Amino acid sequence: MRMLEQEEENDDTAEVTWEDQQRINTFSKINTRTRGIQEKLEELKQEKEALDDLATELELSDEDQPVLYKVGEAFLHMPHLQAVKRLERDQNVIDTRVAALAAQADECEAEMKDLKVTLYAKFGKAINLDE
C-alpha cells in the first residue's frame with residue numbers, strides 16, 4: 001500500500017455539476033447495458049458452437065434415419081433433410097442475433113468512450129471509469 005502524495009490527495013477540486021452527474025449516471029447505465037450484451041453474446045456463441053457440432057453430426061449420420069432435433073425444451077423426431085434445413089435456419093437466426101448484439105455493443109462502447117473523454121478531461125485522476 002502506498003501513501004498518496006499531497007498533490008494527488010487534493011486532486012478532487014473540480015466541482016461536480018448536475019450535468020456532470022448526469023454524464024456519470026449515463027456512463028454507468030451504458031456500462032451495465034454493455035455487460036448484459038456481452039453475457040448474451042457469450043450465450044449465443046455457445047449456442048452457435050452447439051449448432052456447429054450438430055451440423056457435423058448430421059453430415060456423418062445416415063440420411064435414411066430420423067433425427068432427434070431439439071425444438072425449445074423438447075426433442076422431436078424429424079427426417080434428416082428437414083433437420084438439415086431447420087439447422088441452417090437456426091444458424092442464420094443466431095448469426096443475425098450475434099451481429100445485432102455486436103452492433104449494439106459497439107454503439108455502447110463508442111458512447112462510453114465519448115463520456116470517458118469528457119469526464120476525464122474535467123476530473124482527471126479524481127474519477128475512475130475503468131474496470
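These figures come from a predicted structure and were not determined experimentally. Just so you know, residue 1 is the first one in the sequence shown, and it goes up from there.
- Between A102 and L41, the closest heavy-atom pair is N-CD2, 4.2 Å.
- One distance of note links NZ of K113 with SG of C108; it measures 15.0 Å at 0.5 Å rounding.
- Taking all atoms of both residues into account, the shortest heavy-atom contact from I37 to A105 is CG2-CB, 3.8 Å.
- No single ILVMFWY cluster, assembled from side-chain heavy atoms under 4.5 Å apart, contains both L87 and V93.
- We find the CD-OG1 distance between Q38 and T34 to be 6.5 Å, quoted to the nearest 0.5 Å.
- For the atom pair CD1 of I127 and NZ of K122, the computed distance is 10.5 Å after rounding to the nearest 0.5 Å.
- Residues satisfying the side chain to side chain donor-acceptor pair (under 3.5 Å) test with K116, not counting sequence neighbours, are D130.
- Considering only residues two or more places apart in sequence or on other chains, Q21 meets the side chain to side chain donor-acceptor pair (under 3.5 Å) condition with N25.
- Within the structure, side-chain hydrogen bond (donor to acceptor under 3.5 Å, both in side chains) pairs that include any residue of residues 97-110 do not occur (at least two apart or interchain).
- L81 and L54 fall into different hydrophobic clusters, where Ile, Leu, Val, Met, Phe, Trp and Tyr side chains are chained together by heavy-atom contacts under 4.5 Å.
- Evaluation of the side-chain hydrogen bond (donor to acceptor under 3.5 Å, both in side chains) test over residues 72-90, restricted to residues two or more places apart or in two chains, returns S61-H80, Y69-D90.
- Here the straight-line distance linking atom CZ of F27 with atom CG of L129 works out to 4.5 Å at 0.5 Å rounding.
- Taking a 6.0 Å sphere around NZ of K40, one finds it holds 12 or fewer heavy atoms contributed by other residues, nucleotides or ligands.
- A 4.5 Å side-chain heavy-atom check between L101 and L44 finds at least one atom pair inside the cut-off.
- Across every non-hydrogen atom of F123 and E15, the tightest pair is CE2-O, 4.1 Å.
- Rounding to the nearest 0.5 angstrom, the gap separating the CD1 atom in I24 from the OG1 atom in T118 is 11.5 Å.
- The hydrophobic cluster containing V71 also contains V84, counting ILVMFWY residues as joined when their side-chain heavy atoms lie under 4.5 angstrom apart, directly or transitively.
- D20 and T17 share a donor-acceptor pair across their side chains, judged by distance under 3.5 Å alone.
- A search for side chain to side chain contact (heavy atoms under 4.5 Å, CB included) contacts involving K48 returns D52, I94, D95, not counting sequence neighbours.
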Open item on the list: side chain to side chain contact (heavy atoms under 4.5 Å, CB included) for N128 and Y120? Distances and angles first, verdict last.
Closed with: CA-CA 8 Å; N128 181 14; Y120 277 134; 4.0 Å; yes
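- Annotation: salt bridge (charged side-chain N to carboxylate O under 4.0 Å, His left out) contacts involving residues 57-69, sequence neighbours excluded, are absent.
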